[in-house]
Amino acid sequence: MSVDLNSRSFKIRAWVGSLIFLIGFALAIGGALFLHTEQLTPIFIMNVAMDLCAMILGYILYICAVLDKQWNGANLDYFLMMIVTVFVGLYADEICWLTDGKPELRILCIASNTVFYCVTPIVVYLFWRYVLTFLNVEKDRSHKFDVAFRIGLGISILVRLFNIFFGYLFTVDANGVYHRSPTFTIAYVYSFAVTVLTLILVVVARKKFKRYQILALFIYTLVPVGVGIVSIFFYGISLLCPVYMTTLLLIYCILNVVQGQEKSVAENELHMAAAIQETMLPSTFPPYPDRHEFDIFASMSPAKEVGGDFYDFFLIDDDHLALVIADVSGKGVPAALYMMVSKAMIKSQTLVLGKEGSTAKILCNINDQLCEKNTLNMFVTVWLGIVTISTGELTYSNAGHEYPIFKRGEEPFSVLKEKHSPPLGCMEGIKYKEFKTKLDPGDIVFLYTDGVAEATNRNNELFGLDRMLKSLNDDSRGDRSAVDIDFDMKYSVDLFVNGAPQFDDLTMLTFKYYGGEPMNTENSTYDELTVKADVNNLDKVQGFIDERLEASESSMKAQTQIDVAVEEIYVNICHYAYKDKGGEGDATIKMKIDDGVAEIVFEDTGIKYDPLENEEPDITLSAEEREIGGLGIFITKKTMDEVLYEYKDGKNILTLRKKI
């Protein structure tokens, strides 16, 4: 996460930190000059010089930590508090050395030594809190220890304050000379206890650390402890606060700089995943400038994390358009990869099976494939629809996705709630539901992912479905195109969230149907044959078809398949179309071949009947077990590239298309 250099919090941290350090540094220099360093012994001057150098290091470290783009939150706050506390200790230590042996400054010497003694327990407690926030340990697990450590810290500070009156840690005699008391080691009890327990926490939670991180934490705790032990036996040089500051620099370099580099690499990987994800989505609009039967627009506004949202649309053939919107579970690279696999599978399966118009079958196949070796237990919600452009028929299935929103004619947008099927990838063998509806010119389908309805403002309020419908039904802009609807929805969401960070993608797809051109069966380019609907005329019909196929040098395979389909359709007309008229009636067969595609149209004025509505036969059963009927039209649908039906002007019109 980047740091906003203009933010109020950053300015406060920078100004306060700079003020503390610069004033402290100036006072330290002024104190050294005022107290005449030339009268001090070399050991005194060396300690004061080390304290001043450590102060400079502390200020630089403070500014670097505040500016670090990879670091924020409570963990940074505790680290900064450790730096400030150690800085105060350095200042107090310097004053201790400068006032030692000066009777006129005895009170200042006692006060500065008391402050110096208070630094260690405070730093140790802050280090405990730093480790907790670094590990992101749950509060209920650490609360009891934290309460005990706070109480212990309070007692430890009181012990140091009471020392002013009782002198069990140190004394300053009438000549202003500092003396350690025989019992001064009790000052280390709290610090050692908290240090040991902090290291135990590190060991217990070692799986959350890398080896270099554990090493850095142990160095930070054990080196000052070692220095403290040395100072017990060797009096005359004060290294504790400079060592603290140096080890803080070590922590920053190892734990935070290295970790920041790792985060940067991870962020680069996420950016690459987001870029790959974005390139896989259709982004050229209008996508089909030569098609005027519909208007389509889609968008995805990515959130802070790479998600698994995606949309897609593509022509299966000249008369069928697929619409897809989906949302993969999870975030990050795994979701992006799963999205890519899911999108590719949906498109390939739809291109193969979409001509049959069965979205349920497509989702069944994809679900079974996704369930194979799904060790991560990921899943994807999908809404898949196939529009027959010429008629407006929409076949769709919903695998656990958000409900679609429809606009019918002059009616407002409304949510179409139908029972969901489970998401893809959950369990093998699921049978998906399939629904059909008819789009009239002017009808609109609006699809979206949950990131739209769940967009959150700074008060943690959700945008919600009601606000979505309000935006969609805003008629102040009149008749809107697909891109206008998308823009208005995005604007409404942005206005609502008011800059609050979003953790889910905003993905939308808008499809507006203008209506396909009616099937032109009167076109002069058709060759036409009209016969009595009698099976005895089958040879005449077959000859009419074969003559034109052979003239166009059709492949033998295509011609055979067309002959079988023509026989099936024509015989059905003869047997069933004119039952109510005593079997008397005509059948008209029209045919044309354009660009290597044969189109054959059957017309009759018999009983209205759509053979495509029949349930497909179960071909897994034996001939004895299977119900009679339906197999012929099933084979026709399988072998032809496209089979269409409409009832117009009192006529059944069935069209076959096949690439020859």
Side-chain angles (χ1 to χ4, degrees), residues 282 285-298 311-326 346 350 353-360 362-363 382-399 401-419 432-448 468-469 472-473 475 478-486 488-489 508-520 608 610 612-613 642-648 653-655:
F285 296 96
Y288 311 108
D290 296 332
R291 302 299 298 259
H292 307 292
E293 306 99 319
F294 58 86
D295 180 21
I296 190 168
F297 188 84
Y311 64 82
D312 201 3
F313 52 84
F314 48 89
L315 285 168
I316 302 169
D317 54 38
D318 286 344
D319 196 41
H320 291 88
L321 176 72
L323 306 174
V324 182
I325 194 162
I346 291 171
T350 305
L353 302 175
K355 294 174 183 177
E356 301 175 16
S358 177
T359 53
I362 294 170
L363 294 186
V382 179
W383 190 96
L384 170 64
I386 298 176
V387 182
T388 303
I389 300 171
S390 60
T391 64
E393 182 179 69
L394 171 63
T395 304
Y396 63 94
S397 294
N398 190 336
H401 198 73
E402 306 298 312
Y403 293 116
I405 298 177
F406 282 75
K407 176 174 171 51
R408 306 281 194 178
E410 298 301 319
E411 296 179 5
F413 282 90
S414 60
V415 179
L416 182 61
K417 293 187 177 182
E418 289 171 330
K419 191 172 182 181
Y432 287 85
K433 296 181 180 296
E434 183 174 285
F435 304 94
K436 291 190 178 185
T437 188
K438 179 78 164 53
L439 298 178
D440 294 322
D443 286 357
I444 300 173
V445 182
F446 180 78
L447 308 173
Y448 57 97
M468 285 179 60
L469 292 173
L472 290 170
N473 289 315
D475 56 2
D479 187 29
R480 293 178 292 175
S481 65
V483 66
D484 290 335
I485 293 171
D486 185 282
D488 289 348
M489 180 62 72
M508 298 175 282
L509 188 153
T510 307
F511 175 79
K512 188 171 185 179
Y513 182 65
Y514 291 125
E517 294 182 4
M519 201 172 295
N520 185 8
K608 181 181 178 181
D610 182 1
L612 304 184
E613 290 183 344
E642 192 170 18
V643 182
L644 304 172
Y645 170 83
E646 69 172 335
Y647 187 77
K648 183 180 178 183
I653 303 173
L654 188 74
T655 302

Can you give me the closest heavy-atom contact between [X] and [Y], atom names plus distance?
X	Y	result
A360	S397	N-OG, 3.4 Å
F446	M508	CZ-SD, 3.7 Å
I296	A482	C-CB, 4.0 Å
I444	K512	CG1-CG, 3.7 Å
L321	F314	CD1-O, 3.4 Å
R291	D318	NH2-O, 2.8 Å

Distance (rounded to the nearest 0.5 Å) between [X] [atom1] and [Y] [atom2]:
X	Y	atom1	atom2	value
M489	L469	CE	CG	7.5 Å
I316	E642	CD1	CD	9.5 Å
K436	T359	NZ	OG1	9.0 Å
Y311	L509	OH	CG	8.0 Å
L323	T350	CG	OG1	10.5 Å
I325	Y448	CD1	OH	9.5 Å

Is there side-chain contact between [X] and [Y], with heavy atoms separated by less than 4.5 Å?
X	Y	result
D312	I346	no
L439	F294	no
E418	N398	no
L394	F511	no
S481	F297	no
V382	H401	no
L315	Y288	yes

Do T510 and D486 pair up side chain to side chain, a donor and an acceptor below 3.5 Å, judged on atom types alone?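 D486 and T510 do not have a side-chain donor-acceptor pair below 3.5 Å.
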Evaluation steps, side chain to side chain contact (heavy atoms under 4.5 Å, CB included), between I485 and F413: CA-CA 12 Å; I485 293 171; F413 282 90; 4.2 Å; yes
Check: D443 side chain, Y513 main-chain N or O, donor-acceptor pair, under 3.5 Å: no
Are any side-chain N or O atoms of D319 and backbone N or O atoms of S390, one a donor and one an acceptor, separated by less than 3.5 Å? yes
Around atom CG of D610, are there more than 12 heavy atoms of other residues, nucleotides or ligands at under 6.0 Å? yes
What pairs of residues pass the side-chain hydrogen bond (donor to acceptor under 3.5 Å, both in side chains) test when at least one of them lies in residues 402-415, not counting sequence neighbours?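 Listed by first then second residue: R408-T437.
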Take V445 and V387, measure what side chain to side chain contact (heavy atoms under 4.5 Å, CB included) needs, and give me the verdict at the end. CA-CA 11 Å; V445 182; V387 182; over 6 Å; no
Checking side chain to side chain contact (heavy atoms under 4.5 Å, CB included) against E393, which of L612, T388, L644 comes through?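 Exactly one option meets the side chain to side chain contact (heavy atoms under 4.5 Å, CB included) with E393, and it is T388.
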